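Heads up: the structure comes next, in C-alpha cells.
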Amino acid sequence: MRLLLLNGSPRGTAGNTAILLKHFTEGFLANNNNSAETGYLKRAIDHRKLAEKFTGASAVIIAFPLYADSMPGIVKDFIETLGRVRGKGPSPKIGFIVQSGFPEAVHSRYVEKYLEKLARRLDAPYLGTVIRGGVEGIQAMPPFMTRRLFMAFRSLGRHFGVTKEFHPIIVKKLAAKERLSMVKKAVFRACQSIGLTNMYWNMMLKKNGAFERRFDRPYQP
Amino acid sequence: MNIVILNGNPDPNARELERYIDALTAELAAKGHEVNAHTLRDMNIRSCTGCWSCWVKTPGMCAQHDDMPVVYTSVMAADLVLFASPIIMGFVSALLKRANERFIPLIHPYLVIDRGECHHLKRYTRYPELGLILHKGADADDEDIKITSDIYARIALNFKTTLRFSIQTSQPIQEALHAIAAA
C-alpha cells in the first residue's frame with residue numbers, strides 16, 4: 001500500500017504531530033509491502049503539488065493539532081486547494097489524526113464531524129479520525145511518560161499497515177476519556193490549588209523571564 | 001453598541017456576502033451603533049506558527065508583525081464581534097480561520113475547569129459576544145451550516161464568551177438586526 005501522510009502542523013517537522021506520525025509510520029512500514037511518503041502543509045506554496053499527490057495515493061492520512069477548536073488555517077487552505085484541483089470521481093481512502101493539548105477527547109469531536117463530512121464531500125472512503133488529547137508538552141516529558149503513547153501510535157500504524165484500517169480498540173484507547181470524571185476534576189482542582197496544572201507553562205515563562213508579566217493585558221481598551 | 005465585523009470573504013467578486021455586510025452595516029449605523037468592519041482579504045494576516053511567544057515570552061502579544069494588532073484592539077473594545085464568511089468546502093474560509101486562531105494572545109495558557117471541561121483561563125476581564133454570518137453557496141448544505149456553527153460555539157467557549165447567533169445571507173437583514181439586538 002502506498003500511503004500519503006500529510007502533516008498539517010504549523011510547526012512542521014518540529015511539532016508534536018511530527019512525533020506522533022513518526023511512530024505511526026514506523027509501525028506502518030513494519031510490513032515490507034508498504035511505502036509511505038510524508039508531505040508538510042506548513043507552506044501554502046506546496047499545496048498544489050500535494051493536492052496532486054493526494055489524487056494519486058491509495059490512502060491518505062491528514063494529521064493536525066487542534067487550533068481554535070478545528071483544523072489549522074493552513075489545513076483549511078489545503079482543503080480549499082483540494083476542492084479546486086480535484087477532478088470528478090472517487091478520491092483515495094482518507095483518515096485523520098487530531099491531537100490537542102486538552103486532556104479530554106470532547107474538544108476534538110466537533111471537527112471530527114467536519115472531517116467525516118469532508119470525506120463524503122470528496123467521495124473518499126472514510127477511515128475514521130484518531131483523537132488524542134494531552135499532547136502538548138510531550139517534548140519536555142521524560143521517556144517513561146511518553147513510552148505508552150508512542151507504543152500505541154506504533155501499533156496503530158502496524159495494524160493499519162496490515163488491515164488498512166485504524167484499529168478500533170487502539171483508537172478508543174488513544175481517545176481515552178471524553179470528559180473528565182468527577183474524580184479527575186477533583187484531582188485537577190487539587191493540583192491547580194498547589195500550582196501543578198500549570199507547571200509546564202510556568203517553567204517556560206520563567207525560562208523566558210516573562211513569569212511576572214504572565215497576566216499582561218496589552219489590548220485592554 | 002460597538003460592533004466589529006470580520007469579513008472573511010476571500011473573493012471580492014463574490015458580491016452576495018459583501019452586499020449583505022454593507023446593508024447590515026448601514027442599518028446598524030442608522031440605529032446609532034458604532035460599526036467597524038475589517039475586510040481580512042485586504043489586510044496582511046499571517047498564519048499562527050504555534051510558537052507560543054504570546055503565552056510564554058511576551059504575554060498577550062503576538063511575535064508576528066502584520067495587521068492583527070488592529071484586529072486585537074478593535075475586538076477587545078467591541079461589545080459584539082461578527083464573523084462573516086462564505087461556506088467553502090463545508091466550513092468558513094481559510095482566511096477567517098487564520099484570523100481566528102490568531103486570537104490566542106487574548107487568552108491565557110493556563111487551563112481551568114469551566115462548565116465541566118478544561119478550557120483556557122481568561123486574560124481579560126471582559127470579552128465581546130460573538131455572532132456568525134454565513135453565506136451558503138451552491139456547494140453547501142444545512143449540515144455544513146450546523147457543523148460550522150457548532151465549531152464556532154466551541155470557539156466562543158474557548159474565547160470566554162458565547163456564540164449568540166448564526167445567521168445566513170439568505171435571511172432578511174431584519175432577522176440579523178433582531179438577532180443583534182437580542183445579543
Side-chain angles (χ1 to χ4, degrees), chain A residues 9-11 14-15 42 44 65 67-80 82-83 101-104 106-107 109-111 113-114 116-118 121-122 133 179-180 185 188-189 192 197-198 200-211 213-221, chain B residues 10 47-53 55-61 69 72-73 75-78 88-106 108-113 116-119 121 123-125 139 143-144 146-148 150-155 157-159:
Chain A
S9 168
R11 294 183 192 163
K42 189 180 167 178
Y67 264 41
D69 297 275
S70 50
M71 76 302 278
I74 51 156
V75 174
K76 181 63 202 332
D77 217 349
F78 175 72
I79 292 167
E80 290 178 14
L82 213 48
F102 294 111
E104 321 100 312
V106 61
H107 299 272
R109 293 294 177 202
Y110 298 83
V111 73
K113 292 252 177 11
Y114 171 80
E116 189 261 325
K117 173 79 189 272
L118 176 66
R121 186 180 294 275
L122 294 171
R179 290 169 186 278
L180 297 181
K185 272 185 244 182
F188 185 94
R189 288 203 176 94
Q192 196 175 22
T197 47
N198 303 311
Y200 174 68
W201 300 116
N202 288 340
M203 183 187 80
M204 308 259 279
L205 281 158
K206 284 174 185 165
K207 200 180 82 186
N208 296 320
F211 186 72
R213 290 180 283 120
R214 67 194 184 283
F215 295 115
D216 274 9
R217 292 172 179 164
Y219 295 102
Q220 181 73 42
Chain B
S47 294
C48 173
T49 63
C51 76
W52 282 353
S53 288
W55 279 354
V56 300
K57 284 185 186 159
T58 52
M61 302 269 279
Y72 295 142
T73 306
V75 161
M76 290 319 293
I88 304 171
M89 292 296 281
F91 195 53
V92 300
S93 66
L95 176 66
L96 178 61
K97 182 65 212 331
R98 199 156 76 214
N100 284 149
E101 62 206 28
R102 292 286 302 283
F103 277 30
I104 66 157
L106 303 174
H108 202 280
Y110 287 0
L111 288 182
V112 291
I113 293 178
E117 298 171 1
C118 282
H119 289 284
L121 178 70
R123 180 174 293 282
Y124 294 87
T125 47
D139 178 48
E143 190 186 15
D144 298 324
K146 164 115 176 57
I147 289 170
T148 303
D150 286 350
I151 289 176
Y152 271 80
R154 298 294 296 183
I155 287 177
L157 200 53
N158 273 313
F159 193 52

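Proteins get letters first, then strands, A, B, ... in listed order; numbering begins at 1 in each. Treat the numbers as computed from the prediction; the structure is a model and nothing was measured.
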Side chain, backbone, both or neither: which part of [X] has an atom under 4.5 Å from a heavy atom of chain B?
{"X": "A:Pro65", "result": "neither"}
{"X": "A:Met203", "result": "neither"}
{"X": "A:Leu118", "result": "side chain"}
{"X": "A:Arg121", "result": "side chain"}
{"X": "A:Phe78", "result": "neither"}
{"X": "A:Lys185", "result": "both"}
{"X": "A:Gln192", "result": "side chain"}
{"X": "A:Glu104", "result": "side chain"}

Checking A:Leu205 against B:Lys57 for the side-chain contact (heavy atoms from CB on, under 4.5 Å) test, could you report, in this order, the C-alpha distance in whole Å, the side-chain angles of both residues, the deciding distance, and whether it holds? CA-CA 6 Å; A:Leu205 281 158; B:Lys57 284 185 186 159; over 6 Å; no
Can you see which heavy atom on [X] is nearest to which on [Y], and at what distance?
{"X": "A:Glu80", "Y": "B:Ala94", "answer": "OE2-N, 2.9 Å"}
{"X": "A:Ser70", "Y": "B:Ile151", "answer": "CB-CG2, 3.9 Å"}
{"X": "B:Gly60", "Y": "A:Pro218", "answer": "O-CG, 3.4 Å"}
{"X": "A:Trp201", "Y": "B:Pro109", "answer": "NE1-O, 3.4 Å"}
{"X": "A:Tyr219", "Y": "B:Pro69", "answer": "OH-CB, 3.7 Å"}

Is a side-chain donor or acceptor of [X] paired with a backbone partner of [Y] at a separation under 3.5 angstrom?
{"X": "B:Arg154", "Y": "A:Asp69", "value": "no"}
{"X": "A:Lys76", "Y": "B:Val92", "value": "yes"}
{"X": "A:Arg179", "Y": "B:Glu117", "value": "no"}
{"X": "A:Arg189", "Y": "B:Val112", "value": "no"}
{"X": "B:Glu101", "Y": "A:Gly73", "value": "yes"}

So, taking the atom named [atom1] in [X] and the one named [atom2] in [Y], what distance separates them when rounded to the nearest 0.5 Å?
{"X": "A:Arg217", "Y": "B:Met61", "atom1": "CZ", "atom2": "CE", "result": "15.5 Å"}
{"X": "A:Phe215", "Y": "B:Tyr110", "atom1": "CZ", "atom2": "OH", "result": "5.0 Å"}
{"X": "B:Thr125", "Y": "A:Gln220", "atom1": "OG1", "atom2": "CD", "result": "5.0 Å"}
{"X": "A:Lys117", "Y": "B:Thr148", "atom1": "NZ", "atom2": "OG1", "result": "9.0 Å"}

Below 4.5 Å, heavy-atom pairs only: which of [options] has the largest tally toward chain A?
{"options": "B:Ile113, B:Leu95, B:Val75, B:Leu111", "result": "B:Ile113"}
{"options": "B:Asp144, B:Leu157, B:Asn100, B:Leu96", "result": "B:Asp144"}
{"options": "B:Arg98, B:Met76, B:Lys97", "result": "B:Lys97"}
{"options": "B:Ala153, B:Cys118, B:Ala77", "result": "B:Cys118"}
{"options": "B:Asp150, B:Ile88, B:Thr73", "result": "B:Ile88"}
{"options": "B:Pro10, B:Cys51, B:Gly116", "result": "B:Gly116"}

Begin with the C-alpha distance, continue with both residues' side-chain angles, and end with the deciding distance and a verdict on side-chain contact (heavy atoms from CB on, under 4.5 Å) for B:Trp52 and A:Arg11. CA-CA 11 Å; B:Trp52 282 353; A:Arg11 294 183 192 163; 3.6 Å; yes
Quick one, A:Lys207 with B:Val56, criterion side-chain contact (heavy atoms from CB on, under 4.5 Å). Give me CA distance, side-chain angles, the key distance, then yes/no. CA-CA 9 Å; A:Lys207 200 180 82 186; B:Val56 300; over 6 Å; no
Do [X] and [Y] have side chains that get closer than 4.5 Å, going by heavy atoms?
{"X": "B:Ser47", "Y": "A:Pro10", "result": "no"}
{"X": "A:Tyr114", "Y": "B:Met89", "result": "yes"}
{"X": "B:Asn158", "Y": "A:Phe102", "result": "yes"}

Is the B:His119 ring parallel, tilted or perpendicular to the A:His107 ring (thresholds 30°, 60°)?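 Rings of B:His119 and A:His107: perpendicular, over 60°.
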Do we get A:Arg214 above B:Trp55's six-membered ring, with its NZ or CZ under 6.0 Å from the centre and within 45° of the axis?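 Ring-cation test returns no.
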Interface moiety of B:Ile104 toward chain A, non-hydrogen atoms closer than 4.5 Å: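 Neither part.
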